[in-house]
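One is the number of the first residue; the rest follow in order along the sequence.
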Amino acid sequence: MTALIALATALGLALTLLTAAAPPAAAADLLSQGRPATSSSTENAATPASAAVDGNTGTRWSSTFSDPQWLGVDLGSTVTISRVVLRWEAAYARAFQIQTSDNGTAWTTVYSTRTGTGGLQSLDVNGSGRYVRVHGTQRGTAYGYSLWEFQVYGSGGGTSPGNGIPDPTTASVEATDGPLTTATYTVPSPSGYGSGTVTYPTTGAAYPGVVLMPGYQGTQQNLEWLAPRLASWGFVVINVGTNTLTDDPASRGRQITAAGTQLLALGNTPGNPLSGKLNGTLGAVGHSMGGGGVMAALRDDPRFRAGVPTAPYYPNVNFSGVTDPTFFLTCQSDPVAHGNSYAVPWYNSMSQAEKLYIEVPGDHLCPMTGYGDKAKQGKWILSFLSLWLRGDTRFSPFLCGPVRDGDKNDTSLVTRWMDTCQF
């Protein structure tokens with residue numbers, strides 16, 4: 001209860017409003033990360049084509065200083081493409097096309113503009129192909145074309161959403177552990193956050209990554225209960241300790257982003273247990289100020305495709321621009337971050353997002369390790385992330401429809417339930 005009392009005294013904190021808006025999201029898989037990339041040219045050896053698909057926003061591809069230039073990625077098989085994200089460095093394209101191809105020779109344009117402004121661009125497209133490229137025809141500066149990241153989203157490539165995971169049942173998703181064996185890995189040199197313990201499936205497939213963020217004066221122990229549950233159902237979970245115990249929600253949002261970046265980098269680095277384990281898709285779960293941090297990550301970082309803020313706390317912010325699927329888990333008797341103060345207004349303002357809101361009995365600690373009904377909480381969180389990070393619709397019945405109604409209508413278990421079903 002010491003953490004609760006300390007947090008309650010922090011209610012008067014004036015926290016800075018972050019103004020960057022997240023681009024519109026689509027329920028699709030990141031298909032391009034780590035795939036073979038080629039380009040028409042490179043500025044030098046430090047800016048190769050591969051740097052734009054490595055999941056690291058600190059590395060980039062850059063071309064020579066002439067028009068036209070292109071950067072392409074081989075997705076390995078013909079897929080349906082629904083979204084392309086371009087994270088430009090200062091050297092951007094004023095005029096460019098997004099093009100697809102089945103053979104790498106004949107190209108179809110699925111997006112075109114002559115008025116590009118650089119920065120972070122999220123483009124909804126409709127096409128298919130094995131190869132996707134951004135083809136620049138007019139530079140926006142005197143330099144070349146340069147991308148921190150080139151991300152292609154869609155469906156139809158790689159393994160199926162099930163990825164060897166058996167059909168879920170009520171009993172199996174309410175159990176402490178799922179069907180996959182897991183192991184843990186301690187991040188040796190955390191970058192941008194305090195500490196990290198990764199729990200991951202030991203099978204050979206690649207899975208979505210999930211960042212767990214504690215609340216005010218909290219540690220990894222806050223959400224320790226959730227890491228093995230998620231990992232044993234096909235997620236690579238990094239349970240994070242913060243830089244300081246008093247970091248505010250804005251800082252926790254940045255640390256979620258940093259942990260996600262390092263998790264993806266570890267998945268692309270040979271010689272460690274996580275090599276090849278990450279498929280490039282990210283989600284986040286956080287408690288209290290960590291829940292506020294989840295909202296900030298969803299708003300500010302397009303790599304995060306779904307989030308679960310639990311008893312979230314972040315005063316004086318507007319999250320109406322969040323369009324990613326979001327599950328608010330709140331506590332009925334919470335004196336610190338009651339749903340009516342934060343989660344419900346955010347839920348109501350997010351008109352473009354798929355949303356789930358569940359309020360359960362308990363005080364502010366109800367989502368933490370050792371509190372609340374972890375069988376039910378685990379089932380809901382697991383099902384939400386399986387649906388939106390892995391596209392596994394087998395988990396939808398636990399959130400929408402008759403199967404879930406036993407939970408929804410049990411007033412001893414759920415005191416308020418809202419959703420945008422059918423998902």
Side-chain angles (χ1 to χ4, degrees), residues 23-43 47-56 59-89 91-118 120-140 144-161 206 264 268 276 279-281 302-303 305 391:
D29 295 323
L30 176 58
L31 305 176
S32 54
Q33 189 156 300
R35 301 297 306 174
T38 55
S39 61
S40 54
S41 68
T42 56
E43 180 182 356
T47 59
S50 59
V53 294
D54 62 1
N56 184 350
T59 63
R60 64 186 177 96
W61 164 72
S62 182
S63 75
T64 56
F65 301 174
S66 64
D67 296 317
Q69 301 289 342
W70 56 264
L71 171 75
V73 61
D74 178 0
L75 302 178
S77 62
T78 298
V79 299
T80 299
I81 299 157
S82 58
R83 184 170 175 251
V84 173
V85 175
L86 303 170
R87 189 182 292 270
W88 294 101
E89 195 250 355
Y92 69 97
R94 185 173 303 280
F96 67 92
Q97 299 86 44
I98 302 298
Q99 299 177 322
T100 65
S101 174
D102 291 329
N103 56 18
T105 302
W107 295 92
T108 299
T109 298
V110 296
Y111 176 86
S112 180
T113 185
R114 294 180 178 273
T115 57
T117 56
L120 179 62
Q121 293 184 274
S122 178
L123 310 174
D124 292 326
V125 301
N126 183 13
S128 64
R130 171 174 174 171
Y131 303 89
V132 183
R133 71 178 184 179
V134 53
H135 184 240
T137 55
Q138 181 186 354
R139 288 166 290 150
Y145 299 85
S146 184
L147 283 163
W148 295 109
E149 284 295 299
F150 175 47
Q151 296 175 312
V152 179
Y153 291 86
S155 60
T159 58
S160 66
L264 295 177
N268 289 326
N279 69 4
T281 303
R303 299 174 304 168
R305 312 295 294 152

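Panel note: side chain Thr109, backbone Tyr111; no donor-acceptor pair is recorded below 3.5 Å. Of the possible polar contacts, one joining the Glu89 side chain to the Ala91 backbone as a donor-acceptor pair under 3.5 Å is found.
For the residue pair Val73 and Phe150, the shortest heavy atom distance occurs at CG1-CE2, 3.9 Å. Heavy-atom minimum distance, Trp88 versus Ala93: CH2-CB, 3.5 Å. Taking each heavy atom of Gln69 and Ser63 in turn, the nearest pair found is CG-OG, 3.6 Å. Residue Leu71 comes nearest to Ala49 through the heavy atom pair CD1-CB, 3.6 Å, listed as atom of the first residue, atom of the second, then distance. Closest approach of Ala51 and Trp61 over heavy atoms only: CB-N, 4.1 Å. Considering every non-hydrogen atom in both Ile98 and Leu123, the closest pair reads CG1-CD1, 4.0 Å.
Distance check, rounded to the nearest 0.5 Å: OH of Tyr145 to CD of Glu43 gives 14.0 Å. Remark: Gln33 CD to Arg303 CZ distance equals 8.0 Å, nearest 0.5 Å. Expressed to the nearest 0.5 Å, how far OG of Ser82 lies from CG of Asn126 amounts to 8.5 Å. Rounding to the nearest 0.5 Å gives a distance of 13.5 Å between CD1 of Ile81 and CG of Asp124. Residue Thr113 holds its OG1 atom at 10.0 Å from CZ of Arg94, rounded to the nearest 0.5 Å. The CZ atom of Arg83 lies 12.0 Å from the CG atom of Leu31; values are rounded to the nearest 0.5 Å.
Screening Leu86, Val85, Asp54, Val53 for a side-chain contact (heavy atoms from CB on, under 4.5 Å) with Glu149, the sole residue that qualifies is Asp54. Partner of Phe96 under the side-chain contact (heavy atoms from CB on, under 4.5 Å) criterion, out of Arg133, His135, Gln121: Gln121 alone. Considering Asp74, Thr100, Asn103 in turn, Asp74 is the only one that fulfils the side-chain hydrogen bond (donor to acceptor under 3.5 Å, both in side chains) rule with Arg130.
Side-chain contact annotation: Thr281 with Arg305, donor-acceptor N/O pair under 3.5 Å absent. Looking at Thr47 and Ser62, their side chains never bring a donor and an acceptor atom within 3.5 Å of each other.
Taking the six-membered ring for Trp and thresholds of 30 and 60 degrees, Trp107 and Tyr131 have ring planes more than 60 degrees apart, a perpendicular arrangement.
Side-chain contact between Val132 and Ser32 is absent, with no heavy atoms from C-beta onward closer than 4.5 Å.
For Asp102, the CG atom counts as densely surrounded, since its 6.0 Å shell holds more than 12 non-hydrogen atoms of other residues, nucleotides or ligands.
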